[in-house]
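Counting starts at 1 for both ligands and their atoms, in listed order.
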Amino acid sequence: MSDSADINLAVAALRAGELVAFPTETVYGLGADASNAAAIRRIYAVKGRPSSHPLIVHLSSTTDIDAWAATIPKNARALAERFWPGPLTLVLPRASHVLMELTGGQASVALRVPEHPVAQQLLRGFGGGIAAPSANRYGRVSPTTAQHVRDEFGDEVAIVLEGGACRVGLESTIVSCLSEQALLLRPGGISQQDLEAVIGPVRRAAQGEGPRTPGSTQAHYAPLTPLTLVTDALLAQYAQESDVAVLAMRPQSAAFCGVLWLNGSPSAETFGHHLYANLRTLDRAGARRILVEAPPLTQAWDAVRDRLTRAACGSAESA
Ligand code: TXA
Ligand code: MG
């Protein structure tokens with residue numbers, strides 16, 4: 001775990017307009033001073049992300065949102081009070097000073113108060129907003145350990161704070177509060193049911209609806225090896241092929257002839273916690289393709305199902 005000397009170095013780097021990778025309870029972020037346009041442009045350059053895709057601003061406490069949002073609707077306030085600090089991002093009307101580089105030119109801004117102690121120390125030490133996407137190249141699997149970030153960026157990101165394996169392991173739940181009824185843009189560790197318990201009915205955004213979200217287009221969260229989602233019946237059939245690597249919700253079947261079988265757990269929470277590390281392991285296994293057992297259609301699996309469906313986008317044989 002990074003100590004206060006590491007945090008001080010990271011704060012100095014942020015003040016100098018440099019990038020700092022840091023842990024949150026969802027995934028590791030690639031952070032820059034959210035008030036420094038040049039620093040924000042470096043994020044896009046390093047990630048290889050189109051500049052029209054907006055970033056999340058991380059804040060140390062709920063009281064800071066007043067400085068970043070023009071108005072805070074009642075439902076947003078209620079969600080913030082219930083779930084912050086935590087794995088929730090709120091999309092709100094942006095305050096006038098919020099940089100275009102952050103918002104992709106949109107009239108809204110995405111805000112999040114993370115709970116991870118290292119993220120909290122960094123935010124408090126810095127004293128301002130930290131803009132941060134997940135610390136991976138555009139379209140690739142998000143990092144859930146500091147080593148994943150180093151593997152991906154090497155010397156390009158000089159400071160990577162250490163915070164262990166991320167508790168949730170999937171990106172934050174994103175809720176837009178721009179219109180009266182809240183809109184769920186990206187499912188995450190906080191479920192639709194959790195949200196609805198606080199503010200009543202929440203609508204799930206349809207594909208392509210709502211503000212632009214890069215996670216909602218084309219292949220995303222994707223390993224390099226083609227990934228196919230399969231039913232358990234198909235899994236049993238494909239398991240007899242020698243060049244496959246498998247992620248299932250059960251122990252290895254006796255008939256398995258492939259290169260690697262990972263049991264991702266029958267619990268959605270545990271499966272999600274290990275998902276990205278498992279995808280990296282499967283990607284390195286030397287298989288011709290990755291087979292993933294399709295998750296159940298229940299709400300508990302929403303976030304996992306969302307990421308796996310996008311990861312499978314690039315492969316023609318998704319079943
Ligand atoms: O858990 C997370 O959310 C992580 C950690 C580091 O906080 N961050 C993350 O960032 O996943 P990124 O950039 O990989 O995904 C942020 C998502 C994108 O889909 C982006 O389009 C959406 O947030 N977003 C940002 N600003 C938005 C806005 N104003 N309106 C709608 N969506 C927005
Ligand atoms: Mg991302």
Side-chain angles (χ1 to χ4, degrees), residues 19-32 34 40 43-44 46-59 68-70 76 83-95 98-116 118-120 122-123 129-144 148-149 152 161 163 166-179 182-190 205 208-222 272 276 303 306-307 310-311:
L19 305 186
V20 169
F22 64 98
T24 80
E25 66 278 17
T26 57
V27 300
Y28 278 68
L30 183 61
I40 295 165
I43 293 181
Y44 287 101
V46 168
K47 257 190 87 97
R49 170 156 155 163
S51 61
S52 57
H53 290 200
L55 301 176
I56 297 171
V57 180
H58 297 71
L59 303 168
W68 291 84
F83 296 113
W84 279 350
L88 174 71
T89 296
L90 295 175
V91 175
L92 299 171
R94 68 175 176 88
V98 176
L99 294 171
M100 291 272 287
E101 283 81 356
L102 272 180
T103 64
Q106 303 186 71
S108 57
V109 63
L111 302 173
R112 167 164 181 232
V113 177
E115 119 201 307
H116 193 292
V118 173
Q120 274 291 330
L122 181 68
L123 284 161
I130 299 179
S134 50
N136 52 279
R137 307 251 184 224
Y138 182 60
R140 300 258 79 91
V141 177
S142 298
T144 53
H148 293 163
V149 182
E152 187 123 354
L161 293 177
C166 301
R167 176 176 64 80
V168 179
L170 298 174
E171 302 78 358
S172 59
T173 301
I174 305 183
V175 179
S176 167
C177 296
L178 297 177
S179 47
L183 190 62
L184 176 56
L185 296 178
R186 182 174 72 184
I190 293 169
E209 187 188 6
R212 281 189 299 270
T213 54
S216 65
T217 52
Q218 59 187 286
H220 222 86
Y221 314 111
Y276 289 147
D306 172 76
R307 304 311 188 273
R310 297 183 199 298

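- Any N or O atom pair closer than 3.5 Å counts here, and Gln106 shares no such pair with ligand 1.
- Among His53, His220, Arg49, His58, the residue whose heavy atom lies nearest to atom 13 (O) of ligand 1 is Arg49.
- With 3.5 Å as the limit, one finds a donor-acceptor pair spanning the side chains of Glu171 and Ser142.
- Counting the atoms of ligand 1 from 1 in the order shown, those under 4.0 Å from a heavy atom of Ile56 are 3 (O), 8 (N), 9 (C), 10 (O), 16 (C), 23 (O).
- Listed for the Tyr276 side chain is no donor-acceptor partner under 3.5 Å among the backbone atoms of Tyr221.
- At a 4.0 Å heavy-atom cut-off, ligand 1 touches Arg112 through the side chain alone.
- When the options Pro54, Cys166, Pro143 are ranked by their closest heavy atom to atom 25 (C) of ligand 1, first place goes to Pro54.
- For ligand 1, the atoms sitting less than 4.0 Å from at least one non-hydrogen atom of Arg186 are 2 (C), 3 (O), 9 (C), 11 (O), 15 (O), 16 (C), 17 (C), numbered in the order shown with element in parentheses.
- Atoms of ligand 1 lying under 4.0 Å from any heavy atom of Ser134, numbered from 1 in the order shown and given with element: 8 (N), 9 (C), 10 (O), 12 (P), 14 (O).
- Aromatic ring pairs are classed by plane angle as parallel below 30°, tilted from 30° to 60° and perpendicular above 60°; the pair His58 and Phe22 is perpendicular.
- With hydrogens and angles disregarded, no donor-acceptor distance shorter than 3.5 Å links the side chain of Lys47 to the backbone of Ala135.
- Distances from the Mg ion (ligand 2) show that Ser134 has an N/O/S atom below 2.8 Å.
- Applying side chain to side chain donor-acceptor pair (under 3.5 Å) to Arg112 and the options Thr89, Thr173, Thr26 leaves one that passes, Thr26.
- Of all non-hydrogen atoms in Leu102 and Ala34, the two that sit nearest each other are CD1-O, 3.5 Å.
- Residues Pro93 and Leu178 approach most closely at N-CD2, 3.5 Å, considering heavy atoms.
- Using a 4.0 Å cut-off to heavy atoms of Ser108, the atoms of ligand 1 that qualify are 28 (C), 29 (N), 30 (N).
- Looking at Arg140, its side chain does come within 3.5 Å of a backbone N or O of Ala222 through a donor-acceptor pair.
- Per-residue contacts place Ile174 under 4.0 angstrom from the following atoms of ligand 1 (heavy atoms of the residue considered): 17 (C), 22 (C), 23 (O).
- Residue-ligand proximity: Val91 is placed with a non-hydrogen atom under 4.0 Å from ligand 1.
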